[in-house]
Each structure stands twice: as structure tokens, then as C-alpha cells.
Colleague: 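If you scroll down you'll find the structure; I have some questions about it.
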Amino acid sequence: MSLHETRKIKIHQPENFQFNSIPDSHAWADLHDHPTVEPIGPDMIPVIDLNDPKLIEKIGKACEEWGVFLIRNHGIEPKLLNQFSSQMDRLFALPAEVKLKVAKADALDAGYGGDPISRFFPKYTWSEAFTILDSPLEHAKKLWPDDYSSFCEVMEEYKKAMNPLGRRLMHVMLLSLGVSEEEINNTPMGDFSKIKTVLSLNSYPACHDADRVLGLPPHSDNGFITFVYDNGVSGLQILRRKDDNGPKRWVTVPVVPDTFVVNVGDLMQVLTNGRFHNMVHRATIGKTYHRMSSAYFFASELDVKVSPLSKLTDPGVGPLYKTVTWPELLQMKNSLSYDQALEAIKIDSN
Ligand SMILES: O=C(O)CCC(=O)C(=O)O
Ligand SMILES: [Fe+2]
């Protein structure tokens, strides 16, 4: 298969979820590349209460050691989250031909289709996604000509509620590294007009042969941080680096009611000069339950340059990464390989 072919967006036609046996195009060979472990003992992903008096310290430790954590007492109203989940159900329950009216032409567009990561892989994922860049209004009108406003209102309310939370967490992350308020004000975190958000809704239907299909291939998110909220069905796994507790392994993210999963993305790795590391994760498929999730990405506005904070660079060594904009990073992921972009902007200190 040529490079061009593998990088075209692949829309998994929803009727494909009815396969009696999994065709080669959807069967992933290397799902057991690393052992899968449950989130217990040393593999228990931190759950952090946002009212914890030691919040700053705990978030810093979780970012340094894990690149992922769960948050509780986040202040987002359960009523809003219920409405948000209902709108996701409503969207993905639409007939295939209706959803395809708003199909993406390109992987990074808004609209319905495959997730942007799958284009780097030769196989189809067992998933559908709907991406919201600014307002979903135009698409919602095509999906529900007579009743499009409730979807738009709930999506807008969700973003409005999540934005201060995202800002707060990014702020706390930098404080944990000893970055001063003044220095934070000079980063995109100090000025929300410099932050670009993307909301992605994902649907992973159950599959009788779940061990051979994959919802989302291994990847790191490319922004600063991402909030994942799901419908209580497990499926997200994170890749834990080799350590004293075992080899490289997939840890299943636990389903904890009333929490969000927060993960560290590529731009945060650049900004913190590698003190916080992006986190590789994937979405697996269940045999019985249909999983739905949303990923709310916080990245930088298209023209904002992100570079390592001077406070976090070693004066003798200098920054470990070159300055980069979010579109440049995406472009590198596109033209190199999805997992080599950060290597490409690494500054060789020798
Ligand atoms: O579905 C999930 O749990 C994760 C989604 C995700 O990783 C993404 O959209 O980038
Ligand atoms: Fe992701």
C-alpha cells in the first residue's frame, strides 16, 4: 500500500459493524504486543480530588510519573453530563446515511467519519467519530433539520463549562513545576484566546470478536491536555513504560463514576521541556457493551508558538525542543510518522 493510500481518511461505514466474521481489513494483528494489566497496586492510575489541599503536588507527581490521572470533584454539573451523554447517544443512533451527510473530507476537518489517527495505519478501526471544531450548527442542521438546536446548545454548554476547568488544570500543572504566576501569564495558559479547543465524540460499538478489532490505535494526543469522558463502559488503555514493577504494559483505565480522565499531550511535553511526558493510549472494544466517549482537546491557537519555558530549561544545556506551532506539529505527524514528531523537534544537546 502506498503512503498516500494509508494516509487517506478511512470512514468505517456503520453497516460494517454487522460483520459475521471480521474481515482482514479490520483485523489488527499486534494487539497483544505488550501484556494488559488491571489498574491495581502499582498500576493504579491516580484519582485526584480537585479539593485536595495537596492538589498541586499530586497533579505534578501524576503528570511526571504517569501522564494521566482521573479527577473527581471537578465541579461539572451531573445534569449537564447526562444531557451531553444523551446527545452523543442521539448522534450515533442516527442512520448511517444521515451521519454520512456530514462526512469529513479530510482527517482534520469537522464532521463525521474516522478519527484522525487511523489514517496512519493500514487497518480500519472499529469506531466512528464526530469532530466539533467551532460550532456544530451547520452539521446539526443537516443531521436534525427540525430539531438541531438542543445538540448545539448542549455541546456549547459543555465547552463553556469545561474551558475554565482546562485552564485551571493547566495552570496547576505549571505551578507544580515551580513556574510563577507571572511566567504562566506569558504562556497560552495565561491567555485563553491563545488556546484552541477541539471536541471529538467517539463511538465504539460492541464486537463479538473484540480481541481482533481496535477502537483507536496507540497514539499520544497532540495538544496540551485532553479530558476524556465516557459512558461508563471501559475500553481506554494507557501504555505504561517499563519500570521496577514490570515490562512495558497496557493498563486498563478504570471506570470511576463522576470522574474525567485527563492526559498529557505533545505540546505540554514541549512547553515543560520534557518534564511532563505525553502519554500513549489506545481504545479497545468490548464484546457486549457499546462504548461512547468524548475527548476534549486543549491545544494552542494556530499561530501561537510553543517553546520550552526558560524556567524549566537547564542553563548549561538549553531547551530540549525547538519552538513549534500546533499546525507545524500536526504537519510533522502527518509527513513523518504519528509518533516521531517530537523526536524531529528535539534539539541535540551534544
Ligand atoms: O475513547 C477514548 O477513551 C479515548 C479517545 C482518544 O484517545 C482520542 O480521541 O484521542
Ligand atoms: Fe487520544
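Note that the structure is a prediction, hence the values are computed from the model and not measured. We count ligands from 1, going down the list as the structure has it; atoms in each ligand are counted the same way.
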Colleague: Under a heavy-atom criterion of less than 4.0 Å, does Arg291 contact ligand 1?
Modeller: yes
Colleague: If I apply the N/O under 3.5 Å rule, does Ser293 come out as touching ligand 1?
Modeller: yes
Colleague: Mind checking whether Leu216 has a heavy atom under 4.0 Å from ligand 1?
Modeller: yes
Colleague: In ligand 1, which numbered atoms sit nearer than 4.0 Å to a non-hydrogen atom of Phe297?
Modeller: 8 (C), 9 (O), 10 (O)
Colleague: Give a yes or no on whether a salt bridge exists between Lys123 and Asp30, defined as a side-chain N under 4.0 angstrom from a carboxylate O.
Modeller: no
Colleague: Phe130 vs His139 aromatic rings, parallel, tilted or perpendicular, using cut-offs 30° and 60°?
Modeller: perpendicular
Colleague: Answer with yes or no after comparing the ring centroid distance for Trp126 and Tyr204 against a 6.0 Å cut-off, counting only values under it.
Modeller: no
Colleague: At a cut-off of 2.8 Å, list the protein N/O/S atoms near the Fe ion (ligand 2), residue plus atom name.
Modeller: His219 NE2, Asp221 OD1, His281 NE2
Colleague: Is Arg282 positioned over the aromatic face of Trp28, cation under 6.0 angstrom from the ring centre and no more than 45 degrees off axis?
Modeller: no
Colleague: With heavy atoms of Val228 as the reference, note each atom of ligand 1 found under 4.0 Å away.
Modeller: 3 (O)
Colleague: Kindly check if the number of other-residue, nucleotide or ligand heavy atoms within 6.0 Å of NZ (Lys58) is above 12?
Modeller: no
Colleague: Pull out every atom of ligand 1 sitting under 4.0 Å from any heavy atom of His219, numbered as shown with elements.
Modeller: 6 (C), 7 (O), 8 (C), 10 (O)
Colleague: So, are Asp43 and Arg249 salt-bridged, with charged N and O less than 4.0 Å apart?
Modeller: yes
Colleague: Centre-to-centre under 6.0 Å for Phe260 and Tyr229, is that the case here?
Modeller: yes
Colleague: Is the distance between the ring centroids of Phe298 and Phe227 less than 6.0 Å?
Modeller: yes
Colleague: Under 4.0 Å from any heavy atom of His281, which atoms of ligand 1 are there?
Modeller: 7 (O)
Colleague: Which ligand 1 atoms, with their elements, are less than 4.0 angstrom from a heavy-atom of Ala295?
Modeller: 8 (C), 9 (O)
Colleague: If you measure from the Lys or Arg side-chain nitrogens to the Asp or Glu carboxylate oxygens, is any gap between Lys141 and Asp147 under 4.0 Å?
Modeller: no
Colleague: Considering only NZ, NE, NH1 and NH2 on the basic side and carboxylate oxygens on the acidic side, decide whether Lys333 and Asp266 come within less than 4.0 Å.
Modeller: yes
Colleague: Can any side-chain N or O of Lys194 pair as donor or acceptor with the backbone N or O of Thr187 at less than 3.5 Å?
Modeller: no
Colleague: Side chain, backbone, both or neither: which applies to Thr226 and ligand 1 if a contact is any heavy-atom pair less than 4.0 Å apart?
Modeller: neither
Colleague: Enumerate the atoms of ligand 1 whose separation from the nearest heavy atom of Leu236 is less than 4.0 angstrom.
Modeller: 3 (O), 4 (C)
